[in-house]
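Worksheet for the structure shown next.
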Amino acid sequence: MKTYPKKRIDIMVEAPLMKRVLELLDEHEAGGYTVVPALAGKGNDGSWHRDGLVGRVGAVVQIFCIVDESRVDEILDPLFALVSRQIGVVTVSDVSVIRSEHF
Amino acid sequence: MKTYPKKRIDIMVEAPLMKRVLELLDEHEAGGYTVVPALAGKGNDGSWHRDGLVGRVGAVVQIFCIVDESRVDEILDPLFALVSRQIGVVTVSDVSVIRSEHF
Amino acid sequence: MKTYPKKRIDIMVEAPLMKRVLELLDEHEAGGYTVVPALAGKGNDGSWHRDGLVGRVGAVVQIFCIVDESRVDEILDPLFALVSRQIGVVTVSDVSVIRSEHF
Amino acid sequence: MNSVLELAFANLTSPMILFFVLGLAAAFLKSDLNIPEAIAKGMALYLMMAIGFKGGAGVAEHGLDATLFLALATGALLSALLPLIAFRFLISTTGLSRVDAAAVAAHYGSISIVTFLAAVQVLNSAGIAYEGYMVAVAAAMETPAIVVALWMAKGRASSFNSATMREIAFNGSIVILIGSFIIGGVTGKEGLQSISAFIVDPFKGVLCLFLLDMGLIAGRGLLEGRRHFTPAVIGFGIYMPLVGASLGLAAAMLIGLSPGGTALLATLCASASYIAVPAAMRLALPEAKPSLYIPLSLGVTFPFNLSIGIPLYLSLATAVP
Amino acid sequence: MNSVLELAFANLTSPMILFFVLGLAAAFLKSDLNIPEAIAKGMALYLMMAIGFKGGAGVAEHGLDATLFLALATGALLSALLPLIAFRFLISTTGLSRVDAAAVAAHYGSISIVTFLAAVQVLNSAGIAYEGYMVAVAAAMETPAIVVALWMAKGRASSFNSATMREIAFNGSIVILIGSFIIGGVTGKEGLQSISAFIVDPFKGVLCLFLLDMGLIAGRGLLEGRRHFTPAVIGFGIYMPLVGASLGLAAAMLIGLSPGGTALLATLCASASYIAVPAAMRLALPEAKPSLYIPLSLGVTFPFNLSIGIPLYLSLATAVP
Amino acid sequence: MNSVLELAFANLTSPMILFFVLGLAAAFLKSDLNIPEAIAKGMALYLMMAIGFKGGAGVAEHGLDATLFLALATGALLSALLPLIAFRFLISTTGLSRVDAAAVAAHYGSISIVTFLAAVQVLNSAGIAYEGYMVAVAAAMETPAIVVALWMAKGRASSFNSATMREIAFNGSIVILIGSFIIGGVTGKEGLQSISAFIVDPFKGVLCLFLLDMGLIAGRGLLEGRRHFTPAVIGFGIYMPLVGASLGLAAAMLIGLSPGGTALLATLCASASYIAVPAAMRLALPEAKPSLYIPLSLGVTFPFNLSIGIPLYLSLATAVP
Ligand SMILES: Nc1ncnc2c1ncn2[C@@H]1O[C@H](COP(=O)(O)O)[C@@H](O)[C@H]1O
Ligand SMILES: Nc1ncnc2c1ncn2[C@@H]1O[C@H](COP(=O)(O)O)[C@@H](O)[C@H]1O
Ligand SMILES: Nc1ncnc2c1ncn2[C@@H]1O[C@H](COP(=O)(O)O)[C@@H](O)[C@H]1O
Ligand code: NA
Ligand code: NA
Ligand code: NA
């Protein structure tokens with residue numbers, strides 16, 4: 001089956017910032033994204049676990065977004081500006097998709 | 001450590017269709033799969049959020065499945081037929097595994 | 001934007017073993033990791049679904065960890081020793097990150 | 001007619017309605033207020049378990065009679081008939097596609113259990129009795145509409161196979177409703193008493209919290225689905241329940257239900273599904289737009305029934321001597 | 001003996017049992033009915049908090065006596081002894097591997113708190129008193145069986161280190177049971193009264209909903225684990241509780257527990273763990289098959305105790321003068 | 001003074017405090033006991049819905065008077081004033097950075113609704129009346145402190161834009177508190193009665209379970225945040241509530257609140273936020289350390305208020321004739 005190369009951007013970011021990241025993706029017309037809840041984690045800023053938490057602080061969500069290679073930089077630059085002061089990690093990787101009109 | 005190249009198929013699909021996709025993977029002896037809940041997302045068909053939902057409509061789950069390269073097409077073709085009329089996105093990417101008998 | 005190549009290790013492992021895996025990652029100074037809950041799955045040891053479960057048995061969590069290529073083997077060897085007797089799957093893939101000091 | 005207004009007013013200022021309105025308001029204000037999915041599902045299970053059990057215990061106390069079967073058959077028939085009417089209206093007034101019209105019609109033939117619960121609460125506060133088995137009638141009305149609508153959408157029913165039918169027939173909400181109804185029937189008054197501190201006493205409060213959630217979902221759905229909402233579509237969301245209720249009233253009187261039971265059958269006919277039917281539609285009619293049928297059912301028809309519909313149906317049901 | 005049958009029959013038609021059966025039926029019908037994980041865990045926490053607290057408040061009211069310590073020691077001893085017996089039976093009759101046999105034995109030495117709860121409900125409805133500290137005995141019986149079973153599996157106990165022991169000793173269910181027991185003991189009758197609308201009144205109803213979930217899990221486990229279920233294995237799941245209960249009855253009479261307390265100790269000995277022990281086994285004996293021991297405990301022994309076992313143990317405990 | 005000690009002792013041995021201590025102990029023992037996130041959130045929603053509704057129903061019963069507005073204004077003013085004082089103390093005694101000090105100050109200006117709930121429980125058991133609208137005062141005190149603290153942190157307030165303000169103003173907890181308060185006010189005593197089996201009777205028990213969770217989170221936060229905890233910082237976590245309470249007492253007497261209302265206003269001033277403010281700080285002052293301000297508020301000040309603070313403020317409030 002014919003597939004098309006795209007990029008997958010994975011953003012791990014603390015939950016209170018999620019809305020901002022999604023707005024940023026919307027602004028740059030990322031086409032689509034999916035948010036996956038994370039349960040626990042550890043990074044430079046210490047470790048955390050969702051259990052028992054009531055507020056959004058102390059949790060990290062994972063947002064991923066499949067985009068065309070040509071748009072990666074356009075998204076990464078403002079994303080970096082947004083995430084750099086916060087708790088978070090961003091990765092980019094290669095994927096293929098089966099419907100290219102989608103992205 | 002010796003690793004073996006495989007393919008990872010990621011399927012984002014609306015929740016009511018999950019059972020069908022898993023049955024399809026079973027039929028094509030995909031060996032294994034994992035379903036990860038998604039919390040929120042956006043695509044061509046609009047955006048959605050899990051919070052407060054009672055039914056399965058309006059939610060997307062992420063199913064991934066590590067398979068040998070040789071089986072990718074065998075799975076993608078019927079998967080595409082299944083998902084094309086529904087809400088969903090499919091990606092394929094490269095991974096290495098440490099136990100090859102597994103797949 | 002300048003990015004740096006890293007490796008992403010994905011570990012699907014039954015929930016009772018999660019703590020051991022995280023301790024192992026800590027010992028080998030993996031820098032960070034994220035745990036994502038899984039909802040359902042199937043592998044060699046049968047299929048499972050989280051719904052209705054009270055205990056941790058019968059659930060699989062997904063742990064991922066971005067590390068420098070140079071550390072992959074150091075982590076995979078003990079990980080393999082730990083996971084080989086249990087229910088679980090480990091994959092390694094390529095990613096790029098935007099902040100390299102992080103890992 | 002005075003008492004209708006009083007009833008309507010009492011209903012409009014009941015905590016139930018006001019919590020629904022709070023949810024709507026929070027959604028429109030774009031507040032981040034939300035109820036975790038697991039809690040919403042847990043409450044839905046609780047409400048169905050409780051209403052099923054109480055219905056069964058009611059039947060155990062008052063005994064079974066022939067009207068039970070008559071009522072079940074009538075309910076199933078109405079559920080199959082209403083989509084045909086709804087479909088006609090939609091095609092001739094709204095310009096929706098055949099598939100969309102069939103999907104919407106399925107929702108209006110099937111029922112909303114929360115609307116039913118709200119009606120039961122109103123009956124309870126007004127001290128009006130009703131047949132305990134009405135909850136079984138509700139369960140019986142869930143599915144026929146789906147089958148008829150899929151048949152109407154024709155050509156499209158390719159994915160409408162026996163696996164889908166099985167899933168629809170044994171879907172979780174039907175199983176817990178009917179299962180609890182039977183358990184309530186078997187254990188009777190004594191069984192009810194032993195767990196009434198769980199399923200009776202806090203019921204209304206849980207319903208309020210659940211309606212808050214419904215308000216949030218309805219409000220967000222309305223914002224999201226706005227673009228589909230022509231006057232003709234909104235109009236349908238309001239007159240169709242009246243059409244359904246009229247048929248329900250007539251049928252109930254024909255088979256001789258009590259005034260309370262009549263009001264409930266009318267409410268069931270007037271109500272539109274927003275949980276079971278959407279899931280079935282995504283499987284069998286994926287081309288139909290969920291952003292149309294969910295907010296129409298939950299954001300237009302549900303609040304209409306909740307606020308104006310129920311007191312109206314009740315006053316009509318009790319007006320006839 | 002007539003009253004035994006009556007008791008058994010009353011038990012079999014109690015809402016608790018019937019909801020468990022509903023869960024089983026839904027699983028066998030492959031219904032998608034399910035209880036969200038968070039709700040199931042929340043109910044488990046609630047049930048343990050409530051039973052612990054009530055036990056502690058009971059002790060506060062009736063005063064501590066020497067039998068508390070005697071009962072704790074007896075419970076721990078029985079929990080250590082039962083796996084040895086179970087292991088013998090399994091090795092000689094079922095053809096299970098050493099490791100599988102040890103793992104199963106651990107489950108039958110340890111206890112199931114929900115079985116205990118069900119027995120307490122039966123005592124309550126029959127108006128039979130029992131020692132409040134029995135819940136502490138239950139907690140004391142959770143762990144010894146695990147240690148003994150790991151020791152029996154030998155050679156395999158390499159991963160059985162102090163970290164594992166610590167996790168087992170301070171696992172969540174023990175902490176909440178014992179913690180609530182102590183709080184109940186400290187705050188006594190007054191404390192109980194202040195929160196009884198939460199932990200006493202709705203208790204039985206919550207237990208019903210929880211048993212629905214147990215039925216679903218048990219049913220699905222039975223479907224999944226079918227292949228391991230030889231007649232010898234199923235047989236073990238039924239006679240082993242009887243063996244355990246006999247020892248429990250004898251020991252209880254020896255140390256002079258009340259008839260109610262005797263029935264509870266017998267029930268604890270008869271019951272098999274399906275939450276705490278499986279988790280420990282996955283860590284320490286990963287080669288043992290969870291698809292064997294979980295459905296055996298939850299799908300065979302649990303329903304056996306729930307339906308036939310508990311009334312039987314109770315009638316034996318009350319028969320002896 | 002004797003009665004103060006008695007009150008303090010009664011408070012210290014109440015189930016509420018003891019469940020909090022159990023949570024702390026479980027965390028320190030590194031037990032895996034935990035409450036699922038959805039359950040914790042569900043309980044938080046429940047507690048806010050209940051306290052809001054009861055407050056509103058209280059106002060409906062006793063009528064509105066001018067002090068309501070006076071109390072709202074006073075609360076808002078205190079919430080804006082306290083961060084200024086806290087900031088001074090922190091800068092001059094703890095060596096925290098400007099940004100960290102501002103973030104901590106925001107927490108102490110704002111309020112903790114659970115501390116408020118605990119104080120209400122103590123008033124209820126002591127049979128002391130209070131103004132129903134105090135819950136609205138609590139809501140009014142949530143936000144001003146945040147605005148002031150961001151202004152103090154200056155230069156850093158770049159991300160402090162209208163979107164952030166909107167999010168803070170319509171955050172979920174404010175919407176449900178105020179919404180339920182209004183619904184309680186509209187439906188009054190009758191509304192309260194109709195759902196009191198849900199929002200009144202089990203309230204205290206739910207609060208106990210919620211405090212168990214708070215204890216777990218506080219204990220784990222203390223372990224994680226240890227490194228930030230100099231004596232000066234811990235000291236601040238204890239004397240700042242006393243400073244806040246003093247101001248609250250004075251203000252309450254000035255505007256003529258009842259002794260019960262006075263104790264509540266003092267408690268609100270003494271309490272420190274650990275849900276709403278942290279979320280706002282992560283958005284607007286990301287450089288401030290959450291591992292400092294959350295455990296300080298939840299692990300030091302919250303237990304101090306719960307155990308010693310509340311009885312103290314209450315005895316002061318009732319001592320003055
Ligand atoms: N190396 C890593 N691999 C996977 N996830 C990470 C890694 N580093 C950080 N994270 C995730 O990102 C969150 C924030 O990271 P940090 O900003 O370093 O505290 C952590 O809590 C983890 O959930
Ligand atoms: N570009 C994308 N990146 C990541 N997830 C996506 C993307 N597009 C769609 N999705 C996910 O797939 C779901 C269905 O997409 P769609 O069929 O385009 O509505 C969305 O709700 C998202 O959760
Ligand atoms: N090929 C696969 N693709 C994705 N996930 C898998 C695969 N195989 C196993 N898994 C996941 O890993 C768990 C344990 O696998 P196993 O040890 O094979 O039973 C399964 O329950 C799945 O959640
Ligand atoms: Na209808
Ligand atoms: Na046992
Ligand atoms: Na304060």
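From a predicted model like this one, the values you see are computed outputs, not experimental measurements. Chain naming here is simple, since letters A, B, ... match the order of the sequence lines and numbering starts at 1 in each. Keep in mind that the numbers below use all heavy atoms, side chains included, and drop hydrogens, waters and symmetry copies.
Side-chain contact between His49(C) and Arg220(E) is absent, with no heavy atoms from C-beta onward closer than 4.5 Å. For the pair Val57(C) and Ile294(E), the minimum side-chain heavy-atom distance is below 4.5 Å.
With a threshold of 4.5 angstrom between heavy atoms, Phe210(E) approaches chain C through side-chain atoms but not through N, CA, C or O. Heavy atoms of Ile217(E) lying under 4.5 Å from chain C belong exclusively to its side chain. Contact of Ala279(E) with chain C is made through backbone and side chain together, with heavy-atom distances under 4.5 Å.
Annotation for Glu23(C): atom CD counts as buried by contact number, over 12 foreign heavy atoms lying within 6.0 Å.
Rounding to the nearest 0.5 Å gives a distance of 8.5 Å between CG of Leu17(C) and CZ of Arg282(E). A distance of 9.0 Å separates CG of Asp51(C) from CG of Asp213(E), quoted to the nearest 0.5 Å.
Ala40(E) approaches Leu53(C) most closely through the heavy-atom pair CB-O, 4.0 Å. Scanning all heavy atoms of the two residues, the minimum distance from Gly55(C) to Ile275(E) falls at CA-CG2, 3.9 Å.
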**Request:** Please assess Val54(C) against Met43(E) for the test side chain to side chain contact (heavy atoms under 4.5 Å, CB included), listing each intermediate value before the final yes or no.
**Result:** CA-CA 9 Å; Val54(C) 171; Met43(E) 289 194 290; over 6 Å; no
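Side chain of Glu224(E) to backbone of Ser47(C): a donor-acceptor contact under 3.5 angstrom is found.
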